[in-house]
Amino acid sequence: MTITPSETPSRAENWVKDSNTSQHGWIDQDRGAVSRRYDRVARIIPLFDWLFFMPPGFRRKAAERLQLGPGSSVLEIGCGTGLNLPHLRAAVGPIGTVYGVDISTGMLAKARALCAHNDWSNVNLLQQDAAEFTVPKPLDGVMFGLSYNTIPHHLAVLHHAWTLLRPGGRLVVMDAKLPPGLGGKMILPFSLWLMKRTMLGNPLIKPWEDVERLAGVIKMEQFMFGSWYICTAVKPANPQAS
Ligand SMILES: C[S@@+](CC[C@H](N)C(=O)[O-])C[C@H]1O[C@@H](n2cnc3c(N)ncnc32)[C@H](O)[C@@H]1O
């Protein structure tokens, strides 16, 4: 399948029917179902960082890779309960803008409570499919925080996100992955089992390959024996190069 950045989000319906997604073994490609599943797991989501041995400081590091500064604008795709928002908000400060988009009401309710508790008036949370999200001005940064592999039409969302970035803006995908070698092969059946029950993420998808095809150059950092990673890409200043 050839993917071009000009494929628009309105075609997202077609992406989910494409053989590219079915070959990843999704059991449920319907976005309503994804949203309902996350509504159900919203309460226990913070446990997963701990259960899956997220490296200490991982979320902060991922936010740092966006190289935001006071006044910057950033979008988190699939912001969930808002566990990355403190780092993004700290990076852009009170005069910057943070957008968080998510399709799950239950996850967003928790993120909204976090913003209200901290009085963050410049964090804008929107309930919608990330493929349909628009911004008034190009963004300085976009993050997929543990979300890329949970999105059946991830390629459409990735290409859309790229169009939202300003030239020179940064895209970060941070997530867990199967470790290389025998360890990964042994964990795969459990990861697939978990995906089918929780929509925690499809272990067969390799986001860094998609990002590299799009951006040309990526920086891939791996942690905890290759079971966590931060993938960073910079949108070329010359749009012809993207
Ligand atoms: C594993 S959670 C990650 C939440 C949060 N970013 C974190 O790091 O804890 C994945 C999130 O992606 C959201 N999501 C899945 N598909 C989406 C879509 N098409 N558009 C927006 N959000 C989506 C889910 O609702 C869920 O909240």
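When a ligand or atom number is given, it counts from 1 through the structure's own listing order.
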Report yes if the side chains of Gln127 and Thr105 come closer than 4.5 Å at any heavy-atom pair, otherwise no. yes
Any idea which of Ile151, Asp102, Leu85 brings a heavy atom closest to atom 13 (C) of ligand 1? Asp102
So the atoms of ligand 1 within less than 4.0 Å of a heavy atom of Thr150 turn out to be 10 (C), 12 (O), 15 (C)
Let's go through Phe133 and Tyr99 carefully: what are the C-alpha distance in whole Å and the side-chain angles of both, what is the deciding distance for ring pair (Phe, Tyr, Trp, His ring centres under 6.0 Å) to 0.1 Å, and is it a yes or a no? CA-CA 10 Å; Phe133 176 81; Tyr99 298 96; 5.6 Å; yes
Taking only heavy atoms of Arg59, which atoms of ligand 1 are found under 4.0 Å from at least one of them? 7 (C), 8 (O), 9 (O)
side-chain hydrogen bond (donor to acceptor under 3.5 Å, both in side chains) partners for Lys177, two or more places apart: Gln222
Closer than 4.0 Å to some heavy atom of Leu83 - which atoms of ligand 1 meet that? 9 (O)
Do any nitrogen or oxygen atoms of Asn84 lie less than 3.5 angstrom from nitrogen or oxygen atoms of ligand 1? yes
Looking only at the side chains, is there a donor atom on one of Asp39 and Ser104 sitting less than 3.5 Å from an acceptor on the other? yes
Looking only at distances, please establish whether an N/O atom of ligand 1 is found under 3.5 Å from an N/O atom of Met107. no
Per-residue contact class, Gln128 against ligand 1 - non-hydrogen pairs under 4.0 Å: backbone
When only distance counts, is Val34 in polar contact with ligand 1, meaning an N/O pair under 3.5 Å? no
May I ask you to check whether Thr81 has an N/O atom sitting below 3.5 Å from an N/O atom of ligand 1? no
Less than 3.5 Å apart, any donor N or O on the side chain of Asn118 or Arg89 sitting next to an acceptor on the other? no
Looking at CE of Met174 and CG of Leu66, how far apart are the two atoms once the value is rounded to the nearest 0.5 Å? 10.0 Å
Atoms of ligand 1 under 4.0 Å from any heavy atom of His153, numbered from 1 in the order shown, are 19 (N)
Within a distance under 4.0 Å of any heavy atom of Ser104, pick out the atoms of ligand 1 and give their elements. 25 (O)
Check whether any heavy atom of Met174 sits under 4.0 Å from an atom of ligand 1. no
If you take the nearest heavy atom of each of Gly80, Gly145, Ser147, which one is closest to atom 3 (C) of ligand 1? Gly145
Parallel, tilted or perpendicular: which fits the ring planes of Phe48 and Phe52, with parallel below 30° and perpendicular above 60°? parallel
Taking the inter-plane angle between the rings of Tyr148 and His154 on a 0 to 90° scale, is it parallel (under 30°), tilted (30 to 60°) or perpendicular (over 60°)? tilted
Test of understanding: given a 4.0 Å heavy-atom threshold, classify the contact between Cys79 and ligand 1 as side chain, backbone, both, or neither. backbone
Co-members of Phe225 in a cluster of I, L, V, M, F, W and Y side chains, linked at under 4.5 Å: none
